[in-house]
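Please read the structure below before turning to the comments.
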Amino acid sequence: QFTMFKHEKYWDTWNRETNATAHAQNVEQILDQTYIPLGPDQHDLFQEKQKYMYQVFVKNCQTDKGKEIVRAYESTFNA
């Protein structure tokens with residue numbers, strides 16, 4: 001469902017599409033830097049969503065800068 005990001009000049013389009021798809025798949029909290037999960041259940045679910053979105057970024061971020069950013073978080077899976 002998520003589209004590839006291959007060229008920096010398409011950042012706005014890719015970002016908009018990624019946000020829309022994340023909302024449709026109920027993982028939009030990952031893209032919200034202010035979101036804080038409350039309680040252990042929400043924290044556990046948030047961690048699973050982090051892993052999922054990290055995998056999305058690994059697969060779809062194909063620019064040099066995108067790959068660099070993804071690699072920086074491979075030990076934590078922090079999307």
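Residue indices begin at 1 and follow the sequence shown.
When side chains are defined from C-beta on, Met53 counts as touching Leu31, because their heavy atoms get closer than 4.5 Å. A 4.5 Å side-chain heavy-atom check between Tyr35 and Gln42 finds at least one atom pair inside the cut-off.
Classified by interplanar angle (parallel below 30°, tilted 30° to 60°, perpendicular above 60°), the ring pair Trp14/Trp11 is tilted.
For the pair Phe57 and Ala79, the tightest heavy-atom approach, listed with the atom from each and the gap, is CE1-O, 3.4 Å. Considering all non-hydrogen atoms of both residues, Gln50 and Asn78 come closest at NE2-OD1, 3.4 Å. In terms of heavy atoms, Cys61 sits closest to Lys67 at O-CG, 3.5 Å. Across every non-hydrogen atom of Asn26 and Lys49, the tightest pair is O-NZ, 2.9 Å.
If you chain together hydrophobic residues whose side chains sit under 4.5 Å apart, Phe77 and Val27 fall into the same group. Hydrophobic cluster membership is shared by Tyr54 and Phe46, with clusters built from Ile, Leu, Val, Met, Phe, Trp and Tyr side chains linked at under 4.5 angstrom.
Residue Gln47 holds its CD atom at 7.5 Å from NZ of Lys51, rounded to the nearest 0.5 Å. Taking CD of Gln55 as the reference point, atom CG of Asn60 lies at 8.0 Å (rounded to 0.5 Å). The OG1 atom of Thr63 lies 4.5 Å from the CD atom of Glu8; values are rounded to the nearest 0.5 Å.
Glu68 and Arg71 are not joined by a salt bridge, as no carboxylate oxygen comes within less than 4.0 angstrom of a charged side-chain nitrogen.
Among residues two or more places apart in sequence or in another chain, the side-chain contact (heavy atoms from CB on, under 4.5 Å) test is passed with Glu17 by Thr3, Thr13.
Although no hydrogens or angles enter the test, the distance criterion places a donor-acceptor pair under 3.5 Å between the side chain of Gln62 and the main chain of Lys59.
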Exercise for the section: Give the C-alpha distance, both sets of side-chain angles, the deciding distance and a yes or no for side chain to side chain contact (heavy atoms under 4.5 Å, CB included) between Gln25 and Tyr52. Expected result: CA-CA 11 Å; Gln25 292 187 5; Tyr52 171 70; 2.5 Å; yes
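Crowding of Tyr73 atom OH: a count of heavy atoms from other residues, nucleotides or ligands under 6.0 Å not exceeding 12. Other residues, nucleotides and ligands contribute more than 12 heavy atoms inside 6.0 Å of the CG atom of Asp32.
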